[in-house]
Amino acid sequence: MRRTAVIVVLAVLTALFVGASGHPPASRWVATWTSMPQLTEPANMPPAPYTGADRVLDNASLRQTAHVSVGGPRIRLRFSNAFGGAPLPLSAVSVARPLDGRAGVSAIAAGSALPVTFHGKPSTTIPMGAQVVSDPLPFPVRPFENITVTAYLAHGQGSLSITSHPGSRTTSYLVPGNQVTAPDLAGATPVDHWYFLSGIEVLSPASAVAVIGDSLSDGRGSTTNGNDRWPDVLASRLPSAVLNQAAGGNRVLQDGLGPNVLARLDRDLLAQSGVSWAIVFEGINDLGSAAPSAAAATAADLIDAYDQILTRSHAADIRVYGATLTPFGGNAGYDDPQREAARTSVNTWIRGHFDAVLDFDRVARDPAAPTRLLPAYDVGDHLHLNPAGYRALATSVPAGLFRND
């Protein structure tokens, strides 16, 4: 009897660790960090002298840090020239560990820098509208680790149309010359934007969830270099990668800050490595920018768009979870009874049609005034949340939704 019990216990443990197939889960490339590429607005261009009359970052190095969600023994980097007006020549690139593991610092840990190659070469040129993926690098990363990527452009990019992610909430650094392996960047110019770097992938058996959103997911109101947006907090609760594919000002139906969701869905969701789930938390800017008299029609168009997102994602075997739209009562630009009625109708549809519902409206609203945010979560503009509010959204998400059964 005792021998039989031991055999049963061993069988259960084996099933837990290697799965029903009897084999450990296979590692594959999965995205562990992303930044949604955008055309850089004039106010977010690199500051002087790094933006010239007809080019940017001429003979300059750019150092930026990224906060990965899942780890693995090898990584590779993605760089984007999606909105560049000229080819993007990367003369040299390195990856390293930031000093003390911190986000948004200009120094790297001694001896940690590793050269990045592209088809065995130390440099590459990315055509207009394209992206490039680096060679795999023997650079192990742990879950939730910050890593540093430094790129040198010997002759800059010959255009004032460049690709970036302005809402990085993470400090990057610009410095003259080739500094890809420099231990620190003395006299560097700090900027709270990411440029060109659009993704980091790891070899891992994990899957990823991509967050499609606007400034509420991009983290307006969160802490610079704090990695406390709600997708960051969600990542800390899951064994899955969480990819933040959000941008402030973004809309589902019309271009704004970044292409509309229907236009960017292939690039930012369907083409991402290892994605099994998507969270769609977007539509507030569509309603808020619509004339009040057009709010009901905009709500109907949003519902049609959500249905398209579901259809296209399901064709790629991606489950889609809809997050209800949070209140904006009291916001100077968005508050209006017709827009509020449209938000209510959109939320009613979301609650009944996605693969699962994340009821962020219920979490964030003030029970005493349901058209407004809970004061404890309101950053002050009655639209965006503070870190406590973002944590409340993330902790409300059932972790069991992200299991590959």
Side-chain angles (χ1 to χ4, degrees), residues 33-67 77-86 88-96 98-99 102-108 126 146-180 182-200 215 218-229 232 244 246-250 257-258:
W33 174 89
T34 56
S35 67
M36 181 193 136
Q38 297 173 245
L39 175 65
T40 309
E41 309 95 331
N44 294 321
M45 292 289 286
Y50 299 102
T51 294
D54 61 356
R55 67 185 52 243
V56 298
L57 299 176
D58 188 12
N59 186 33
S61 293
L62 162 67
R63 179 165 287 177
Q64 39 203 349
T65 56
H67 187 69
L77 311 179
R78 289 192 183 211
F79 292 89
S80 175
N81 194 24
F83 299 98
L88 172 61
L90 301 176
S91 306
V93 179
S94 72
V95 63
L99 187 65
R102 293 180 292 154
V105 296
S106 63
I108 59 176
I126 309 174
N146 294 306
I147 66 173
T148 299
V149 177
T150 309
Y152 170 59
L153 285 69
H155 304 290
Q157 183 172 15
S159 173
L160 298 185
S161 295
I162 66 170
T163 303
S164 71
H165 188 85
S168 64
R169 275 85 199 180
T170 305
T171 306
S172 303
Y173 296 88
L174 305 170
V175 68
N178 185 350
Q179 303 285 337
V180 295
D184 202 351
L185 303 181
T189 299
V191 289
D192 288 341
H193 312 303
W194 287 310
Y195 298 100
F196 312 135
L197 184 66
S198 64
I200 299 171
S215 57
D218 204 26
R220 182 168 176 178
S222 64
T223 308
T224 298
N225 298 318
N227 291 308
D228 54 10
R229 314 162 189 83
D232 298 319
N244 194 333
N250 197 239
L257 297 181

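Residue indices begin at 1 and follow the sequence shown.
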### Message
What I'd like to find out is whether the side chain of Leu62 reaches to under 4.5 Å of the side chain of Leu174, using heavy atoms alone.
### Response
yes
#### Entry: Exercise: identify the closest heavy-atom pair between Pro47 and Val191
CD-CG1, 3.5 Å
## Note on the structure
Of all heavy-atom pairs linking Asn250 and Leu257, the shortest is ND2-O, 3.2 Å
### Task
Starting at OG of Ser80, measure out to CG of Leu88 and round the result to the nearest 0.5 Å.
8.5 Å
### Message
Please enumerate all residues that pass salt bridge (Lys or Arg N to Asp or Glu O under 4.0 Å) together with Arg78, with sequence neighbours excluded.
### Response
Glu201
### Query
Are any of the side-chain heavy atoms of Val105 and Asn146 separated by less than 4.5 Å?
no
### Criterion side chain to side chain contact (heavy atoms under 4.5 Å, CB included) on Ile162 and Met45, from CA distance to verdict
CA-CA 8 Å; Ile162 66 170; Met45 292 289 286; 3.9 Å; yes
### Message
Please tell me whether Tyr50 and Asp58 have a donor and an acceptor in their side chains that are separated by less than 3.5 angstrom.
### Response
no
### Task
Drop me the distance from Leu57's CG to Thr51's OG1, to the nearest 0.5 angstrom.
6.5 Å
### Query
Taking the side chain as C-beta and beyond, is there a heavy-atom pair between Leu160 and Val56 under 4.5 Å?
yes
### Message
If you define the side chain from C-beta out and look only at heavy atoms, does anything of Phe79 sit under 4.5 Å from Val93?
### Response
yes
### Query
What residue pairs, at least two apart or across chains, pass side-chain hydrogen bond (donor to acceptor under 3.5 Å, both in side chains) with a residue in residues 167-177?
Arg169-Asp218, Thr171-Asp192, Thr171-Asn225
### Message
To the closest 0.5 Å, what do you measure between CG (Leu153) and CG (Asn178)?
### Response
10.5 Å
### Message
Would you say that Pro89 contacts His155 through its side chain, given a criterion of any heavy-atom pair below 4.5 Å between the two side chains?
### Response
no
### Task
Please report the closest heavy-atom contact between Thr163 and Ala82, naming both atoms and the distance.
OG1-N, 3.3 Å
### Query
Looking at CG of Asn244 and OG1 of Thr34, how far apart are the two atoms once the value is rounded to the nearest 0.5 Å?
6.5 Å
### Task
Kindly write out the residues that satisfy salt bridge (Lys or Arg N to Asp or Glu O under 4.0 Å) with Asp232, not counting sequence neighbours, or none if the list is empty.
Arg229
### Interatomic distance, Arg102 atom CZ to Thr148 atom OG1 [nearest 0.5 angstrom]
10.5 Å
### Task
Would you name the heavy atoms of Gly258 and Met36 that are closest together and state the gap between them?
CA-CE, 3.9 Å
### Message
Working to the nearest 0.5 angstrom, can you tell me the gap between Leu90 CG and Leu197 CG?
### Response
10.0 Å
### Task
Would you please say whether a donor-acceptor pair under 3.5 Å links the side chains of Thr223 and Asp228?
yes
### Query
Of the non-hydrogen atoms in Ser198 and Pro37, which two are nearest, and what is the gap between them?
CB-CG, 4.1 Å
## Note on the structure
Between Tyr195 and Asn44 the two heavy atoms that sit nearest each other are OH-O, 2.6 Å
### Query
For the residue pair His165 and Trp194, does the interplanar ring angle fall in the parallel (under 30°), tilted (30 to 60°) or perpendicular (over 60°) class?
tilted
### Task
Could you verify whether a donor N or O on one side chain and an acceptor N or O on the other, from Gln157 and Asn81, lie under 3.5 Å apart?
yes
### Query
Side chains of Thr40 and His193: does their closest heavy-atom pair fall under 4.5 Å?
no
